[in-house]
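Taking it in order: structure first as structure tokens, then the write-up.
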Amino acid sequence: MKNHLLITVLCFCSFFLKFSTTNAQVLPERDRAEMRDAILKDRFENVLPKIMDDTNIDMWLVIAREYNEDPVMRTMLPGTWLNARRRTILVFYRDKQANTIERLAVARYDVGENITSSWDKEKQPDQWARLLELIEERNPKKIGINVSKHFGIVDGLVKTDYDELMEVLPPKYEERIVSAEKLAIGWIETRTQIEMKLYNQLVDITSSIIDEAFSKNVITPGITTTEDVVWWMRQKVTDLGLETWFHPTIDVQRNNEELKSHIYSFTKGEKEKVIIPGDLLHCDFGITYITLNTDCQRHAYVLKDGETEVPSFLKEAFAKGNRVQDIFTGNFKTGRTGNEVLAMSLAQGKTEGMRPAIYTHPLGTYGHSSGTTLGMWDSQGGVPVSGDYPLHENTVYAIELNTTVTIPEWKKDIRIMLEEAGFWSPNGFRYVNGRQESIKAIEWK
């Protein structure tokens, strides 16, 4: 344990130093792998036992084959494993009374240092028979498998593996098979203290890239297009040795163009435009690093000749977007469902004279992750099933929403669209690393 803590501290010290600016080099691959393994060790030792106890599942089977990984298994692979090997069967057995947890692999190899191989093919040639031996030796009360109708990330057990598993199990154990849906969601959505330190840095890097993209270093009005900025962001991510989990977007709102509908904005996208003075720019951008993802939307305004700051009417509109955020996150409460928070927040926003829309999703190991869904852009009346899932503590969400504001000076409506990573913990809500509270002015001369 002391070695583990030492490695973790050293990794984070190095991490903070190298990420002081976005021009610094990210961690070398070896250091990334060590950090990933330290995070996994912490999660296996401190997160998994509690979730298994909370969901009353004492054995969890995670089964996948090479290049066809269960999405949950992908989050459990060590830094030196880019994919599962052959068929890999992970067995987690929790003895609550003894306060122990076994992490076993019915595979030819140890899965890193956290999961021990428990199959000697020379002694037992049949992999499924070996799995049955492990089950019989422990006699679990409930055996969880990754099947779920409504949560795709935790529905990773493919039909072939399911059929072979059920074929080998005698009726005694077949009757104990249950969906591990809540257990798997808990594993996917729960964040640790170590991960939150990492998350703070990721959001800072994301913000720094956006800040540079929305500057005269990248944008020359009358020449630079929205697609130029998009591809600059993609290239910046690559140059930093990072990845992105979705293609960025840049869109424009200006005084002589009608506001597009939700349906058009979310399904058609916006055509490439040359950026000009007076444009209200908006981006949607996120990065992937080690075990986590960010998802962020920000606004900037291209100053016109004679302007030294963002027009007051746009500042006032943006403040309404921040107000919707405050209303929304102020309604977070452990155990409250996403649909309940959504309905309360929309009603409160409308009572205050605003026109809000909320479409917030879990964020973490995956960009659009598993957990509590709080609205979708085309489901403002509530989201079946995932919207009925309650808020749990130590979870991160992309606080994604907008409000439509009438701008008399432009004789039209605009949409203030915001998205920030937010953390819900026993201490309440906080943004992972702050939020945008004013439109950035782009000075270009």
Inset, instruction - Step through it carefully: locate the ring centre of Tyr359, locate the ring centre of Trp377, and say whether they are under 6.0 Å apart. - result: no
Inset, instruction - For Thr372 and Pro390, indicate whether the former's side chain and the latter's backbone hold a donor-acceptor pair under 3.5 Å. - result: yes
Inset, instruction - Please confirm whether the backbone N or O of Val252 pairs with a side-chain atom of Asp279, one donor and one acceptor, at under 3.5 Å? - result: no
Legend entry - Side-chain heavy atoms of Leu342 within contact of Phe328, under 4.5 Å: no
Inset, instruction - Verify, without hydrogens or angle tests, whether Thr294 (side chain) and Ile287 (backbone) share a donor-acceptor contact under 3.5 angstrom. - result: yes
Legend entry - Pairwise side-chain contact, Thr291 with Leu198, heavy-atom cut-off 4.5 Å (strictly under): yes
Inset, instruction - For Glu258, look at atom CD and say whether over 12 heavy atoms of other residues, nucleotides or ligands are found less than 6.0 Å away. - result: no
Legend entry - Glu243 atom CD, over 12 foreign heavy atoms within 6.0 Å: no
Legend entry - Aromatic contact, Trp424 with His392 (centres under 6.0 Å): no
Legend entry - Any Leu165 side-chain heavy atom under 4.5 Å of Leu61 side chain: yes
Inset, instruction - Taking atom types as modelled, find out whether Thr190 and Arg43 have a side-chain donor-acceptor pair closer than 3.5 angstrom. - result: no
Legend entry - Any side-chain donor near an acceptor of the partner, Gln253 and His282, under 3.5 Å: no
Legend entry - Between Gln348 and Thr351: side-chain donor-acceptor atoms closer than 3.5 Å: no
Inset, instruction - Please report the C-alpha distance between Lys149 and Asp155 in whole Å, then the side-chain angles of each, then the deciding distance to 0.1 Å, and finally whether the salt bridge (charged side-chain N to carboxylate O under 4.0 Å, His left out) criterion is met. - result: CA-CA 7 Å; Lys149 181 177 181 180; Asp155 186 39; over 6 Å; no
Inset, instruction - Indicate yes or no for a side-chain donor-acceptor contact from Glu195 to the backbone of Thr192 under 3.5 Å, with no hydrogens or angles considered. - result: yes
Legend entry - Heavy-atom neighbours of Arg74 CZ exceed 12 at 6.0 Å: no
Legend entry - Non-hydrogen side-chain atoms of Asn402 and Thr404 separated by less than 4.5 Å: yes
Inset, instruction - Could you tell me whether Arg85 sits above the aromatic face of Trp81, with NZ or CZ closer than 6.0 angstrom to the six-membered ring centre and within 45 degrees of the axis? - result: yes
Legend entry - Close side-chain approach of Thr220 and Ile275, heavy atoms under 4.5 Å: no
Legend entry - Spacing of NZ belonging to Lys142 relative to CG belonging to Asn56, to within rounding of 0.5 Å: 4.5 Å
Inset, instruction - Determine whether more than 12 heavy atoms belonging to other residues, nucleotides or ligands lie under 6.0 Å from atom CD of Glu393. - result: yes
Legend entry - Between Gln201 and Asp204, a side-chain donor and acceptor under 3.5 Å: no
Inset, instruction - Using a cut-off of 6.0 Å, state whether more than 12 heavy atoms not belonging to Lys50 lie near its atom NZ. - result: no
Inset, instruction - First locate atom NE2 of His299, then atom CG of Asp251, and finally report the distance between them rounded to the nearest 0.5 Å. - result: 8.0 Å
Inset, instruction - For residues Lys440 and Gln436, report the shortest heavy-atom separation together with the two atoms involved. - result: N-NE2, 3.8 Å
Legend entry - Candidate pair Arg435 and Glu437, rule salt bridge (charged side-chain N to carboxylate O under 4.0 Å, His left out), full reasoning: CA-CA 6 Å; Arg435 66 174 179 178; Glu437 296 190 341; 3.2 Å; yes
Legend entry - Leu418 vs Ile399 side-chain heavy atoms within contact, under 4.5 Å: no
Legend entry - Lys333, NZ atom: more than 12 neighbouring heavy atoms under 6.0 Å: no
Inset, instruction - Step through it carefully: locate the ring centre of Trp187, locate the ring centre of Phe92, and say whether they are under 6.0 Å apart. - result: no
Legend entry - Short N-O contact, Arg234 and Asp239, less than 4.0 angstrom: no
Inset, instruction - Rounded to the nearest 0.5 Å, what's the gap from CG on Leu391 to CZ on Arg336? Could you check? - result: 9.0 Å
Inset, instruction - Would you tell me whether Tyr301 and Glu309 have side-chain atoms, one donor and one acceptor, within less than 3.5 Å of each other? - result: no
Legend entry - Heavy atoms from other residues, nucleotides or ligands near CD of Glu352 exceed 12 (cutoff 6.0 Å): yes
Legend entry - Check: Thr225 side chain, Asp228 main-chain N or O, donor-acceptor pair, under 3.5 Å: yes
Inset, instruction - Determine whether Asn394 and Phe423 make a side-chain contact, defined as any pair of heavy atoms from C-beta on separated by less than 4.5 Å. - result: yes
Inset, instruction - Walk me through it: do Asp37 and Lys41 pass the test salt bridge (charged side-chain N to carboxylate O under 4.0 Å, His left out)? - result: CA-CA 6 Å; Asp37 290 347; Lys41 183 177 179 62; over 6 Å; no
Inset, instruction - Mind checking the OG1-CG spacing from Thr360 to Leu401? Nearest 0.5 Å is all I need. - result: 5.5 Å
Legend entry - Short side-chain to backbone donor-acceptor contact, Thr244 and Gly286, under 3.5 Å: yes
Inset, instruction - Verify the distance criterion only: is there a donor paired with an acceptor across the side chains of Asn146 and Trp60 at less than 3.5 Å? - result: yes
Inset, instruction - Return yes if a side-chain donor-acceptor contact under 3.5 Å exists between Asp388 and Thr337, otherwise no. - result: no
Inset, instruction - For the residue pair Thr288 and Asn293, confirm or rule out a side-chain donor-acceptor distance under 3.5 Å. - result: yes
Legend entry - Whether Lys320 side chain and Met354 backbone form a donor-acceptor pair below 3.5 Å: no
Legend entry - CD-OG distance between Glu212 and Ser207, expressed to the nearest 0.5 angstrom: 13.0 Å
Inset, instruction - Would you check if there is a donor-acceptor pair between the side chains of Arg191 and Thr365 at a distance under 3.5 Å? - result: yes
Legend entry - Considering all heavy atoms, the nearest Val154-Ser148 contact: CG2-CB, 3.7 Å
Legend entry - Closest approach of Val218 to Ala213 (non-hydrogen atoms, all atoms of both residues): CB-O, 3.5 Å
Legend entry - Residue pair Lys445, Asp305: steps toward the salt bridge (charged side-chain N to carboxylate O under 4.0 Å, His left out) verdict: CA-CA 9 Å; Lys445 285 191 174 181; Asp305 286 340; 2.5 Å; yes
Legend entry - Side-chain donor or acceptor of Lys412 paired with backbone N/O of Glu257 under 3.5 Å: yes
Legend entry - Side-chain donor or acceptor of Glu66 paired with backbone N/O of Arg86 under 3.5 Å: yes
Legend entry - Thr224 side chain near Trp444 side chain, heavy-atom distance below 4.5 Å: no
Inset, instruction - Would you name the heavy atoms of Val310 and Ala441 that are closest together and state the gap between them? - result: CG2-CB, 3.9 Å
Inset, instruction - Measure up the His361 and Trp245 rings against each other and bin them: parallel (under 30°), tilted (30 to 60°), perpendicular (over 60°). - result: perpendicular
Legend entry - Heavy-atom pair with the smallest gap, counting every atom of Arg298 and Glu420: NE-OE2, 2.8 Å
Legend entry - From CA spacing to verdict: ring pair (Phe, Tyr, Trp, His ring centres under 6.0 Å), Phe151, Tyr389: CA-CA 11 Å; Phe151 294 87; Tyr389 197 81; 5.7 Å; yes
Legend entry - Test item: Ser369 side-chain N/O and Gly364 main-chain N/O as donor-acceptor pair under 3.5 Å: no
Inset, instruction - Indicate the atoms forming the closest heavy-atom contact of Val203 with Ala421, along with that distance. - result: CG2-CB, 4.0 Å
Inset, instruction - Rounded to the nearest 0.5 Å, what's the gap from CG on Asp54 to CG on Leu183? Could you check? - result: 9.5 Å
Legend entry - Tyr162 atom OH, over 12 foreign heavy atoms within 6.0 Å: no
